[in-house]
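Letters go in sequence order (proteins before strands), and every chain restarts at 1. Since the model is a prediction, treat every value here as computed from it, not as a measurement.
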Amino acid sequence: MKIDNLSPSPPQSSPAFIIAVLFQTACKDPLALDEKIYELRRDKLKQIEALGQQSYPRQYNFTHTIPDILAAYSEKTAEQLENPRVNVRVAGRIMAIRLMGKAGFAHLQQTGQRLQIYVKKDAVGEKGFELYKLLDLGDHIGVSGYLFRTRTGELTVHVEEITFLAKDLLPLPEKWHGLTDVELRYRQRYVDLIMNPEVREVFLKRSKLIQSFRRHLDSHGFVEVETPMMQPIAGGAVARPFITHHNTLDMDLFLRIAPELYLKRLTVGGLDRVYEINRNFRNEGLGWRWNPEFTMLEFYQAYANFKDVMDLTQSMIEQAVKDVTGGTKTKWGDQEIDWANWQRMTMREAIIYFWPESAGPKPQMSDFASQDSVKALVERFNAVHAHMAYDPNEPAGKTIANLFEAVAEEHLLQPTIIYEFPTAVSPLSKNKPDEPDWTERWEIFAGQMELANGFSELNDPEEQRRRFEQQLKERERGDQEAHQMDEDYIRALSYGMPPAGGVGVGVDRLAMLLTNSRTIRDVILFPLLRPEKAPGGEDSEGK
RNA sequence: GGGCGCGUAGCUCAGGUGGUAGAGCAAUGCCCUUUUAAGGCAUGGGUCGCAGGUUCGAAUCCUGCCGCGCUCACCA
């Protein structure tokens, strides 16, 4: 950092200045934080150095992790631990500490697990015990010693040497209630992870889920790729994009709303089986199922149709549920989802099946055929139900898709594949040979959420151009989410794309279902929040 | 964006129909060599989210703003 050396050098190295700067970044309200704790702990750090310890050492050679020790010795009796003695060197963060005169206990936490240590002055010596007394909750230490069982039977390290590893200068949340403030948990996820072991579990499961997907696709001959996150045209989905700007090229770019069109360009290029697991960005509302950036798995398989990739996706999810949870059933609030029991029905069948009795006789297949009969269905439904948005100028297919969401989505708790979507809402899907208004497209629903979306990929460049032109008309009609024209994509298709099935899977939403998380923010480490208020006023610098 | 709710010590929370704040944990000092939400004694810590207003007096009542949560609308 360059500072203006003409001005009288401000006391930038003074403790007060450093504290003020640190607090600005670390705390919700810098002025309210107990500065004394911070300063006291800095003093303790100096005293620790004076004892001959490094304040921020570079490594610690351990013989065991805490999980290692718990796994290997939890079942051993006191006698077994004494003969022969088990020597260990182990590191962790202090999560509880109890001093009793000339001896004391502490609990070290590592990898989400805890192990007790016993520090006796006779065993660690004068200096070692001085160090113990200078330790605070949250500090990192390493200890060497041997395992034993206390009077109450707890597996414990009898410490012979303590090595200081790093200081926690800010106080951890209360040990009993932990950190519960939702905002703080998201903003300071690092503290959340220290304090709440179940949070750690959620993200470990999320990681297993993605591993399982990768393993499944890799074993089926798929190649993982990365395609642009910044795109000149935001295509491949129906959504509003974020805009950003490249300075040197002086051009606006969109953060991608989907990787779809790039992945399909790759199938043109001969990557017959490709997938990507990465973020998409959609500039839309937030809610329990929506975060502006979310993680999507997309894959494409040449020579396969929508049915083939439907089967592959179902088996991939079934396998993932087993890999993540060890079983086939997961809790969803007070309900249970059975991942071994899937239903399949067409969108039209679903509307008929879930049609509310109060809305009169169930629709007939013929009711979906014309704009007028669809309109009549909407009117019957809206007469008895929460009002469903309806624009008489929109294509009938779009109305039917909306009607499906209004009628059926809330009933789709168990894994269900809905197939045959209207062409009007599926600009990238092949249509049914016998019913051009309908496409070979499906979506998977579970827990009242859309989880995945797949179809037979439209690979006829001229038909694709007509679909884009249709979308442009929707755009002119005021639909800001309608797809844009993408000439290069059409050019790619003009070189010949093999027939292919493609799929997108919402990773966050599946992670929600597998961890019983009722909001998407609980499966995203750092969900989007408004920025913290700029701390303090002019006098927030050292005073 | 609309509706509802919340914001008090580092953390978890009381209090409140107006008289300028409490507990537990955490912190500091002392005692305690097998404790475990260790214990005992003592101590420090807060512009009660921010800004206005009403009032002799506001953490409390009113208005606006900020942040968060739930919910509805739009969206995966």
Touch class at under 4.0 angstrom, heavy-atom based, for [X] against every strand present:
{"X": "Gly287(A)", "value": "nothing"}
{"X": "Arg240(A)", "value": "nothing"}
{"X": "Lys120(A)", "value": "base"}
{"X": "Leu172(A)", "value": "nothing"}
{"X": "Asn291(A)", "value": "base"}
{"X": "Gln116(A)", "value": "base"}
{"X": "Asp122(A)", "value": "base"}

Count the heavy atoms of every other residue, nucleotide or ligand shown that sit under 6.0 Å from CZ of Arg98(A), and state whether that count exceeds 12.
yes

Can you see whether Trp290(A) has Arg282(A) sitting over its ring - NZ or CZ less than 6.0 Å from the centre and within 45° of the normal?
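Judged by the rule (NZ or CZ under 6.0 Å from the ring centre, within 45° of its axis), Arg282(A) is not positioned above Trp290(A).
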
Within 45 degrees of the axis of the six-membered ring of Tyr146(A) and under 6.0 Å from its centre: does Arg85(A) put its NZ or CZ there?
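Relative to the ring axis of Tyr146(A), which defines the angle, Arg85(A) lies inside both limits.
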
Could you check whether Phe294(A) and the base of A76(B) form a stacked pair, meaning centres closer than 5.5 Å and planes differing by less than 30°?
yes

Establish, with yes or no, whether the OP1 or OP2 oxygen of U12(B) is under 4.0 angstrom from a side-chain nitrogen or oxygen of Thr180(A).
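For U12(B), OP1/OP2 do have a side-chain N/O of Thr180(A) under 4.0 Å.
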
Please check the phosphate of U35(B) (OP1 and OP2 only) for any side-chain N or O of Arg151(A) closer than 4.0 Å.
yes

Just name whichever nucleotide pairs with A59(B), Watson-Crick or G-U, keeping both distances under 3.5 Å, else none.
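Checking every strand shown, A59(B) finds no partner, since no pair has both distances under 3.5 Å.
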
In terms of relative ring orientation, are His411(A) and Phe354(A) parallel, tilted or perpendicular, with 30° and 60° separating the classes?
parallel

